[in-house]
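Note that the coordinates shown come from a computational prediction; the quantities given were computed from them, not determined experimentally.
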Amino acid sequence: MQRIRLRYTKRGRLRFTSHRDFQRAFERALRRAEVPMAYSAGFTPHPKVSYANAAPTGTGSEAEYLEIALTEQSDPETLRAGLDACMPDGLDLTDAVEARTTDFADRLRASEWELRLEGVSTEAAHEAAAAFLAAESVEVSRQTKKGLRTFDARAAVAVLEAVPGEHDGPAGRPCAILRLVVRHLTPAVRPDDVLSGLRAAAGLAPPVPAAVTRLAQGPLDEETGTVTDPLAPDRDASAVATAPGGTAPERTGAVTA
């Protein structure tokens, strides 16, 4: 049985699709593309698909990941292109690699987010980010299945900074952009938790909801504050396997959108 790991996006209006909506669209694409899927056993077999750390509904993403199991050997790029042609625009499959390593989900240790704050100046966003980072802890509350939960949003934040330059929103209004890198801890700290923390720590309250996009997720380089490519170990292992006597290229760069 061959396993393929895929990277996909949620763009434009399709950022509002739920994880279940994506699952339905992806399983339809598997059938249309005639992918030789492996299925679970039992009375109601399901295609063997594993999803990893899906983004919240309403947020965009350039870095979602899943893994599928196949009954026949397939070229990852050919398979990706065929599946992508069967997916709605906005739910795009952008990368594929054969799974040659274990513990893939454990490599998704952090996420990099872009927060677009319409109606907020870059200077105000910079001051609010500085106040947030200067705090020892920033307690926020969120409603969960087990009721209202209060936790520290500051501990998970590795990077929070205003992107330099002036950015215009609709009608020429200012639009600050924050770069946020969050460690995947328990409980999980989401971008909306950090926005709540900015309100609590610095009084920052954008007049309209922030537009949030995940740019990357994977291993965190604590020294540089960058999130690196979680598929790189599989790519390197594939390069070694297909080039006898060769060595895998060194990969040090961060994931880019």
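- When the side chains of ILVMFWY residues are joined at heavy-atom separations under 4.5 Å, either directly or via intervening members, Met37 and Tyr65 end up in two distinct hydrophobic clusters.
- Annotation for Leu148 and Ser141: closest pair CD1-CB, 4.0 Å, computed over non-hydrogen atoms.
- Hydrophobic clustering places Leu204 together with Leu133 (ILVMFWY residues linked when any side-chain heavy atoms are closer than 4.5 Å, directly or through intermediates).
- Here the OG-CZ distance, from Ser50 to Arg5, works out to 9.5 Å after rounding to the nearest 0.5 Å.
- The CG atom of Leu79 sits 6.0 Å away from atom CG of Leu70, with the distance rounded to the nearest 0.5 Å.
- A donor-acceptor pair is defined here as one N or O able to donate and one able to accept, closer than 3.5 Å; such a pair exists between the side chain of Lys10 and the backbone of Thr17.
- Checked by atom type, the side-chain pair Ser111/Arg214 shows a donor-acceptor distance below 3.5 Å.
- In this structure, Asp229 contributes its side chain and Leu231 its backbone to a donor-acceptor pair below 3.5 Å.
- A side-chain contact (heavy atoms from CB on, under 4.5 Å) with Val182 holds for exactly one of Val227, Val189, Leu220; it is Val189.
- Atom CD of Gln143 has more than 12 neighbouring heavy atoms from other residues, nucleotides or ligands inside a 6.0 Å radius.
- The heavy-atom pair separating Ala129 from Leu178 by the smallest distance is CB-CD2, 4.4 Å.
- In this structure, Arg179 contributes its side chain and Val159 its backbone to no donor-acceptor pair below 3.5 Å.
- Between Phe22 and Tyr8, a ring centre-to-centre spacing shorter than 6.0 Å is recorded.
- Scanning both residues, Glu27 and Pro47, for their nearest heavy atoms gives CD-CG, 3.9 Å.
- Criterion: ILVMFWY side-chain heavy atoms under 4.5 Å apart, direct or through other members. Under it, Leu30 and Met87 are part of a common hydrophobic cluster.
- A donor-acceptor pair under 3.5 Å is absent between the side-chain atoms of Arg11 and the main chain of Leu14, judged by distance alone.
- Remark: the backbone N or O of Ala63 is paired with a side-chain donor or acceptor of Gln217 at under 3.5 angstrom.
- Residues Thr57 and Ser18 have side chains that never bring a donor and an acceptor to within less than 3.5 angstrom of each other.
- Taking the charged nitrogens against the carboxylate oxygens, Glu222 and Arg183 do have a contact shorter than 4.0 Å, which makes a salt bridge.
- Under a hydrophobic-cluster definition in which Ile, Leu, Val, Met, Phe, Trp and Tyr are linked whenever side-chain heavy atoms come within less than 4.5 Å, directly or via other members, Leu83 and Tyr51 are assigned to the same cluster.
- Across all their heavy atoms, Trp113 and Pro56 have their closest contact at CH2-CD, 4.1 Å.
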* Check the pair Ile4, Val97 against side chain to side chain contact (heavy atoms under 4.5 Å, CB included), reporting the backbone distance first and the verdict last. => CA-CA 6 Å; Ile4 302 291; Val97 64; over 6 Å; no

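- Under 4.0 Å is where a charged nitrogen must lie from a carboxylate oxygen, and between Arg154 and Glu136 no such pair does.
- The CD atom of Glu112 sits 8.5 Å away from atom OG1 of Thr226, with the distance rounded to the nearest 0.5 Å.
- Atoms OG1 and CZ, from Thr102 and Arg107 in turn, are 8.0 Å apart once rounded to the nearest 0.5 Å.
- Proximity of the aromatic rings of Tyr39 and His46 is defined here by a centroid distance below 6.0 angstrom, and this criterion is not met.
- Transitive grouping of hydrophobic side chains (ILVMFWY, heavy atoms separated by less than 4.5 Å) keeps Val181 and Phe132 in distinct clusters.
- For His184, the NE2 atom is densely surrounded, since the number of other residues' heavy atoms within 6.0 Å is greater than 12.
- The closest donor-acceptor contact from the side chain of Ser74 to the backbone of Pro76 lies at 3.5 Å or more, if one exists at all.
- At a cut-off of 3.5 Å, with distance as the only test, a side-chain donor of Arg100 or Ser238 sits close to an acceptor on the other residue.
- In this structure, CG on Leu117 lies 8.0 Å from CG on Leu198, to the nearest 0.5 angstrom.
- At least one donor-acceptor pair under 3.5 Å links the side chain of Arg15 to the backbone N or O of Val212.
- Note that the CZ atom of Phe104 and the CD atom of Glu67 stand 8.0 Å from one another [nearest 0.5 Å].
- Contact check on Arg235 versus Asp95 returns a salt bridge, with a Lys/Arg side-chain nitrogen under 4.0 Å from an Asp/Glu carboxylate oxygen.
- Among all heavy-atom pairs drawn from Ala210 and Leu195, the shortest one is CB-CD1, 3.8 Å.
- When atom types are taken as modelled, the side chain of Thr59 and the backbone of Thr213 share no donor-acceptor pair closer than 3.5 angstrom.
- Using a 4.0 Å cut-off between charged nitrogen and carboxylate oxygen, Arg3 and Asp234 do not count as a salt-bridge pair.
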* Stepwise, does the side chain to side chain contact (heavy atoms under 4.5 Å, CB included) test hold for Ile68 with Phe26? -> CA-CA 11 Å; Ile68 60 176; Phe26 185 67; 3.8 Å; yes

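- Across all non-hydrogen atoms, the minimal contact from Leu6 to Ala96 is CD2-CB, 3.4 Å.
- Between the Asp221 side chain and the Thr224 main chain, a donor and an acceptor come within less than 3.5 Å of each other.
- Between the side chain of Glu64 and the main chain of Ala55, a donor-acceptor pair closer than 3.5 Å is present.
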